[in-house]
Asker: 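If you scroll down you'll find the structure; I have some questions about it.
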Amino acid sequence: MTLPPDLDPQKIPQHIAMIMDGNGRWATSRGLPRIAGHRQGAKTLKQLLRCCKDWGIKALTAYAFSTENWQRPIEEVDFLMHLFERLLRRELAQMHQEGVRISFIGDLSALPPSLQTEIEHSMTETVNNQAIHFTIAVNYGSRSEITRACRQVAELVAQGQISAGEVNENIVEQHLYTADTPAPDLLIRTSGEMRLSNFLLWQMAYTEMYFTEIFWPDFDTEALHQALLSYQKRDRRFGQVKTLLSA
Ligand code: IPE
Ligand code: IPE
Ligand code: MG
C-alpha cells in the first residue's frame, strides 16, 4: 500500500500509539454481542499494522487490555485472553516474515500461563526484525508502571548503587517497560472518548493527540490517513518558541 500523495513522507510520525476503543459499542449498535466487536477489532489492528509498515511508520503501540479491564464480566475477559493467544498462534509466522518485531508491555505475570508462553515465543522469535516495532500493551497501566519503576530505582538507592540525588528522568525512564523506545509522536483514540485511561502517561508528555468518533472496528486506512493529515498540520514546539525557519 503506497503513501497517499497528500502526505509528506518527511513528516511521517516515527511512533504511533493507539487506544483501540469502541469495540463493544460497535457490536451493540449492530445487535451483536460485545465479543463480536473484539473479533472485528483484531482484524482492524492487523490491517493497520500492515498499513503503518507500508507507510514508513517505524513503531506502533496498541492498548489491548488495561489493568482496569479485569473488572469486566469474566466471560469477556476470558474471551479476550483466548483471542490474544489465538491471534499470536495464527499470525506470528506471517508477521515474522514481514519483518515485524513484536513486544509486549504490562504485567505479563498475571496472564494465563499458556498466553505467557506464546508471548515469550513471539518476542524472542522476532527480536531482530526491523520493518516495524509492534508493541501490545496487555494488563498495562501507566500508574502501575511508574510505581514499579520507582520501586526499582529505590532498590538501587537502598543498595548504594546510586545516591538519591543522582535519580534523574533518564534513570526513571530506563525502568519503564518502554525503556530504549522513543516516545510516541502521535496518539490516536477512537470512539469519541477523550481521555488517556492510564495509557503511557509518562511517555506521552509531548505526544500529539488525535481523537475520532469512529469505533475501533471501523478505523480503516482512510481513517489513519485523516489522522496523519491532522498530525502533519501540527506545530510541535516542545515548550519552545516557533523555530526561526517558520517565523
Ligand atoms: C476496546 O473496546 C477494547 C478493550 C478495552 C479490550 P471496548 O471493549 O472498551 O468497547 P466500548 O468502549 O465498551 O464500546
Ligand atoms: C481503554 O479503554 C483500554 C483499552 C483500549 C484497552 P477502556 O474502554 O477500558 O477505557 P474507559 O473505561 O472508557 O476509560
Ligand atoms: Mg471502551
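Just so it is clear, the structure is predicted and the values come from calculations on it, not from any experiment. One-based numbering, in listed order, for ligands and for the atoms of each.
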Asker: Please say whether more than 12 non-hydrogen atoms of neighbouring residues, nucleotides or ligands are located less than 6.0 Å from CD in Gln130.
Answerer: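 Counting other residues, nucleotides and ligands, CD of Gln130 stays at 12 neighbours or fewer.
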Asker: Taking C-beta and beyond as the side chain, do Trp216 and Ile19 meet within less than 4.5 Å on heavy atoms?
Answerer: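 Not touching, per the 4.5 Å side-chain cut-off.
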Asker: Could you tell me whether Glu75 and Arg34 make a salt bridge, using a distance below 4.0 angstrom between a side-chain N and a carboxylate O?
Answerer: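 Looking at Glu75 and Arg34, the cut-off is not met.
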Asker: Need the atom name: nearest N/O/S atom of Asp21 to the Mg ion (ligand 3).
Answerer: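 Result: OD1.
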Asker: Is there at least one pair of N or O atoms, one from Arg34 and one from ligand 1, spaced under 3.5 Å apart?
Answerer: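 For ligand 1, there is an N or O atom that lies under 3.5 Å from one belonging to Arg34.
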Asker: A side-chain contact here means heavy atoms from C-beta on lying under 4.5 Å apart; do Met81 and Phe65 qualify?
Answerer: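 Side chain of Met81 against side chain of Phe65, heavy atoms only: contact under 4.5 Å found.
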Asker: Do Thr126 and Leu92 come close enough that some side-chain heavy atom pair is under 4.5 Å?
Answerer: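 Contact flag for Thr126/Leu92 side chains = yes.
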Asker: Can you tell me if CD on Glu68 sees more than 12 non-hydrogen neighbours from other groups inside 6.0 Å?
Answerer: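 Enclosed: over 12 neighbouring heavy atoms sit under 6.0 Å from CD of Glu68.
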Asker: Measuring from each atom of ligand 2, which residues have a heavy atom under 4.0 Å away?
Answerer: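 Ile19, Met20, Asp21, Tyr63, Ala64, Phe65, Asn69, Arg72, Arg189, Arg195, Ser197.
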Asker: Verify whether one side chain among His38 and Asn23 offers a donor that lies under 3.5 Å from an acceptor in the other.
Answerer: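 There is such a pair between these side chains.
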